[in-house]
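Below is one structure, written out as structure tokens; the observations come after it.
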2 protein chains.
Amino acid sequence: MIPSGPFERHDHASCRARALAQADQVCGERLTPVRRRVLELLLESHVALGAYDVLERLRDEGHRAQPPVAYRALDFLVAQGLAHRIERLNAFIACHRPADCEAPAFLICRACNRVAETGNTPKRGALARDARALGFEIEETVIEARGLCPACQTP
Amino acid sequence: MIPSGPFERHDHASCRARALAQADQVCGERLTPVRRRVLELLLESHVALGAYDVLERLRDEGHRAQPPVAYRALDFLVAQGLAHRIERLNAFIACHRPADCEAPAFLICRACNRVAETGNTPKRGALARDARALGFEIEETVIEARGLCPACQTP
DNA sequence: TCGACCTTGTTATACTATAACATATCTCGT
DNA sequence: ACGAGATATGTTATAGTATAACAAGGTCGA
Ligand SMILES: [Zn+2]
Ligand SMILES: [Zn+2]
Ligand SMILES: [Zn+2]
Ligand SMILES: [Zn+2]
């Protein structure tokens, strides 16, 4: 996947619209109003949101939601590949390319908190080699790098 | 680093003793009794322990400890490179090779919960390439693979 | 119509982590 | 000796993250 997005200036409206359209297509009716709204919230920026951030926003909109509402919606989105959980942050971001997203990796800026998804980490790196040598069967890999995005590197 | 350890039958007593000796050497006096005891607890198996697991064991031994006691000891061990935090598990494992551990990656068996550390992930993989292309400066990377160890793969 | 399945609502609780303040010790320069 | 700063521990309270469990309605095919 071509690295692109959060750290560059970009047309975020269409960035968001495209992801939402793909989500509609993937899920059809299963993308219920709450789930769709949560996805929209995640798509508002490239900053990861915690479940309670999502919850708070839902409440601000008049939805009298309890924690399971947020977690269920987020779990659904993650299961459909429309969002990703960032383990280091206990938070979630929307996937901006759900159509072709496999083995994603994440670059997390510790200064501005934006997260870039840089995908398709190869299955043949040093990790895969070591796993094979051990007889370990990898099912899923979390790769999350922390550092500074271009904008936050002091000049 | 040569993959070795948890998933193979091995002399765990010396596995543990070696790590402890290296820790003593690295830390000297700073490896206080509590900190050393926590490291020993982590070294008892290759299964990751949560902070509250550690706390419970300390209490079983008569130490009237509160949560900060466990977290402080664990934070110290992590800072010294004697233990690693596994983000996916909110848990900690001892590093069995503190002397030569840099950029570790982890293989987590979802069946038996043992964790293998397979180290020295290269700085020149696809991730590093993408980061460079984005101008992102990586400071630290979490790599955690989930799957099945050899013993847990049903035949 | 029945039952299986999915979705949402709601209450309560479990698990993980840190803030903040207190106490003790050591070391170093004066 | 004295006080300042650094380090380590004790203790209380609270913040933040996540799930269990039960209830209730909707859809849809057998
Ligand atoms: Zn965008
Ligand atoms: Zn940034
Ligand atoms: Zn061992
Ligand atoms: Zn296993």
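Because the structure is predicted, anything quoted here is derived from the model rather than measured. Lettering of chains follows the sequences in order, A, B, ..., and the numbering in each one begins at 1.
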Run the salt bridge (Lys or Arg N to Asp or Glu O under 4.0 Å) test against B/D53 and tell me which residues pass, sequence neighbours left out.
none
Roughly, in whole Å, what's the span from [atom1] in [X] to [atom2] in [N]?
| X | N | atom1 | atom2 | result |
| --- | --- | --- | --- | --- |
| B/L55 | D/dT9 | CG | C1' | 14 Å |
| A/D75 | D/dA18 | CG | P | 10 Å |
| A/F76 | C/dC5 | CZ | C1' | 15 Å |
| A/L77 | C/dT7 | CG | P | 12 Å |
| A/R36 | C/dT7 | CZ | C1' | 18 Å |

Do you reckon B/L41 sits in the same ILVMFWY cluster as B/I93, going by side-chain contacts under 4.5 Å, direct or chained?
no
Using a 5.5 Å cut-off between ring centres and planes within 30 degrees, is B/Y52 stacked on the base of C/dT16?
yes
4.5 Å side-chain heavy-atom contact, B/Q66 and B/R59
yes
Under a 4.5 Å cut-off applied to non-hydrogen side-chain atoms, are B/E117 and B/L107 in contact?
no
Only counting residues at least two apart or in another chain, list the ones meeting side-chain contact (heavy atoms from CB on, under 4.5 Å) with A/N113.
A/V47
Members of residues 82-90 of chain A that approach DNA chain D, where some heavy atom sits under 4.0 Å away:
A/R85, A/N90
Salt-bridge contact [X]-[Y] (side-chain N to carboxylate O under 4.0 Å):
| X | Y | answer |
| --- | --- | --- |
| A/E140 | B/R88 | yes |
| B/E87 | B/R85 | yes |
| B/E61 | B/R57 | no |
| B/R110 | A/E139 | yes |

Would you please indicate if the ring centroids of B/H84 and B/F92 are separated by under 6.0 Å?
no
C/dC6 phosphate, OP1 or OP2: any side-chain N/O from A/R30 under 4.0 angstrom?
no
With a cut-off of less than 4.0 Å, is there a side-chain N or O of B/Y71 near OP1 or OP2 of C/dT18?
no
For nucleotides 8-11 of chain C, print each protein N/O atom paired with a nucleotide N/O atom at under 3.5 Å, atom names and distance only.
from: C/dT8; atom 1: OP1; to: A/T32; atom 2: OG1; distance (Å): 2.6
from: C/dG9; atom 1: N7; to: A/R72; atom 2: NH1; distance (Å): 2.9
from: C/dG9; atom 1: O6; to: A/R72; atom 2: NH2; distance (Å): 2.7
from: C/dT10; atom 1: O4; to: A/R72; atom 2: NH2; distance (Å): 3.4

Mind running a 4.0 Å heavy-atom check of residues 37-50 of chain A against DNA chain C and sending the residues that fall below it, in number order?
none
What residue pairs, at least two apart or across chains, pass ring pair (Phe, Tyr, Trp, His ring centres under 6.0 Å) with a residue in residues 37-77 of chain B?
B/H10-B/H46, B/H12-B/H46, B/H46-B/H96
